[in-house]
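A quick write-up on the structure given underneath.
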Protein chains: 2
Amino acid sequence: MRPDPSNGQTGETRQTYDQKLEFVLQRAAEVFAERGFHRASIRDLARATGMSLAGHYYYFQSKNEALFRICEHVLRLILEIFEERAKAIDDPLERLRLLVLTHLEISLSHMREMKVLSHEAESLRGEYLARIRQTKKRYYDSLVSILREIRGDRRGNGRELRLAAMTLFGSMNWIYTWYRPEVDGDAKRLTDVMLGIFLRGFLGGDGAPARRAGRTPRHRSR
Amino acid sequence: MRPDPSNGQTGETRQTYDQKLEFVLQRAAEVFAERGFHRASIRDLARATGMSLAGHYYYFQSKNEALFRICEHVLRLILEIFEERAKAIDDPLERLRLLVLTHLEISLSHMREMKVLSHEAESLRGEYLARIRQTKKRYYDSLVSILREIRGDRRGNGRELRLAAMTLFGSMNWIYTWYRPEVDGDAKRLTDVMLGIFLRGFLGGDGAPARRAGRTPRHRSR
DNA sequence: TAGGTATTCGAACGTTCGTTCGAATCCTTG
DNA sequence: CAAGGATTCGAACGAACGTTCGAATACCTA
């Protein structure tokens with residue numbers, strides 16, 4: 001039904017079905033990221049791909065399936081690259097660094113897909129939503145188990161690890177709202193800064209805040 | 001055209017126009033937060049308020065104006081409460097704590113409005129978008145100037161302060177995706193944890209990460 | 001109680017949406 | 001060149017959308 005060879009788009013080179021599917025989903029991610037999933041129409045997508053409206057239904061059964069594939073793809077991309085890289089690493093600190101670095105690298109190279117994932121995935125339904133949540137949970141569990149290993153069992157219950165994990169995820173997943181490549185540097189730099197802040201805080205912390213570094217005057221001095 | 005007294009909704013007590021407007025916008029925030037702004041219809045809102053579809057246009061001129069009012073309201077709420085509280089405080093560390101505490105308190109008490117603000121505000125257009133961005137920028141500038149005061153001029157250029165500010169905003173604004181009151185505690189506890197992590201990291205940091213706390217074995221020990 | 005304003009409503013308009021379907025076209029294979 | 005599957009398309013469908021408008025109702029004041 002879907003053999004390898006098929007025609008190209010602009011006549012440049014031949015494309016397989018899978019290559020064209022990837023092309024369509026990439027454009028879809030751009031359109032969904034820019035206009036928002038529900039406001040973006042298949043007609044907008046058609047304008048972005050150069051194909052006809054109806055032609056897209058050869059590559060996905062519904063608009064929701066397109067959304068699901070975009071989210072699933074970038075989520076698995078992060079998870080699989082991280083797990084592959086982390087195979088040979090035992091030090092939990094280094095594993096944490098790998099997780100953050102991978103997350104940020106993919107975030108910058110697939111910013112539109114990540115925006116779609118963060119913004120629109122939870123509006124999926126049924127099986128689609130269940131599978132995305134399952135993969136998210138696998139990723140979340142990875143982070144928590146690393147944090148537990150770093151902190152050891154000496155203190156910190158599950159609730160504090162949960163808060164720490166969510167704090168870190170929040171910092172990383174917020175990036176698409178503010179990142180500008182010419183100002184903010186590459187993934188390595190972001191990793192240094194964010195992990196630097198998080199790690200010192202997490203390692204030095206016992207749940208109590210690092211307050212009162214100086215006196216606390218109750219009046220304004222100037 | 002719009003005098004004070006008007007009729008109530010369920011016949012319980014009298015409502016002023018402003019009270020009913022507030023009621024409508026609150027329900028709208030719930031509907032927008034649950035279904036997403038573009039997927040939610042005025043008919044959904046009508047179901048939530050008990051009013052007719054057309055009746056809502058007595059309280060706003062368009063669906064976009066309703067969105068704008070929700071975002072503007074909760075954003076100004078945070079900013080004004082923080083500025084009022086911070087009036088009498090001079091210590092920048094204490095001011096930072098007030099900013100985080102206020103942000104988290106409002107986030108928990110107005111979670112749906114905050115979700116709408118985080119999720120949908122950037123899809124506004126024209127004057128609405130400009131005003132929201134302006135208020136956001138005022139808020140952002142407040143945080144950066146506090147951070148600059150804390151760190152002093154001895155190191156850290158504007159770019160690092162920007163990254164630190166965005167890191168903190170990310171942690172706080174991500175809350176609506178995971179917060180469960182029975183597990184995660186109140187705003188005070190969240191403030192202690194998040195500010196604890198951030199402050200130790202920010203104070204101790206010089207841009208380089210806190211890496212290599214132990215050795216870094218390249219093989220798995222078990 | 002009468003008049004007027006504030007508030008609410010039913011019904012409809014024009015537009016846009018996701019999706020379908022049968023026909024047309026392309027491309028590979030024999 | 002002929003056949004057949006792979007791919008693309010134009011056209012249309014019913015549904016849902018935001019918004020409008022004139023009429024109806026509720027309420028306050030005189």
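Here is the naming used below: chain letters follow the sequence lines, and residue numbers restart at 1 for every chain.
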Would you kindly give the OH-to-C1' distance between B:Tyr58 and D:dG22, to the nearest whole Å?
16 Å

A:Glu122 with A:Arg133: basic N within carboxylate O range, under 4.0 Å
yes

CD of A:Glu65 versus C1' of C:dT19: gap in Å, rounded?
14 Å

Flag the pair A:Asp192 and A:Lys188 as a salt bridge only when some basic side-chain nitrogen lies within less than 4.0 angstrom of an acidic carboxylate oxygen.
no

Parallel under 30°, tilted from 30 to 60°, perpendicular over 60°: which one fits the rings of A:Phe60 and A:His56?
tilted

Of all the choices, C:dA11, C:dT8, D:dA12, which nucleotide is nearest to the side chain of A:Leu53 once you look at every atom?
D:dA12

Does a nitrogen or oxygen in the side chain of A:Lys63 sit under 4.0 Å from OP1 or OP2 of C:dC17?
no

Looking at B:Lys20, I'd like to know whether one of its side-chain N or O atoms comes within less than 4.0 Å of OP1 or OP2 on C:dA6.
no

What integer distance in Å separates B:Ile42:CD1 from D:dT20:C1'?
13 Å

Please classify the nucleic acid contact of B:Ala40 as base, sugar-phosphate, or nothing, using heavy-atom distances under 4.0 Å.
sugar-phosphate

In whole Å, what is the span from the CZ atom of B:Arg39 to the P atom of D:dC17?
11 Å

Roughly, in whole Å, what's the span from OH in B:Tyr17 to C1' in D:dA26?
17 Å

NA contact type, B:Ala46, heavy-atom cut-off 4.0 Å: base, sugar-phosphate, or nothing?
nothing

Ring centroids only, cut at 6.0 angstrom: are B:Tyr139 and B:Phe169 within range, meaning strictly under it?
yes

B:Asn64 atom CG is separated from D:dC17 atom C1', nearest whole Å, by 13 Å

note: B:Met51, atom CE; C:dA6, atom P; distance rounded to Å ~ 16 Å

First encountered from the 5' end of DNA chain D, between A:Arg43 and A:Ser52:
A:Ser52

Side-chain N or O of B:Ser41 less than 4.0 angstrom from OP1 or OP2 on D:dA16?
no

Tell me the interatomic distance from B:His56, atom NE2, to C:dC9, atom P, rounded to whole angstroms.
9 Å

Report the relative orientation of the aromatic rings in A:Phe37 and A:Phe32; use parallel for angles under 30°, tilted for 30 to 60°, perpendicular for over 60°.
perpendicular

Using OP1 and OP2 only, check whether a side-chain N or O of A:Tyr59 sits under 4.0 Å from D:dT8.
yes

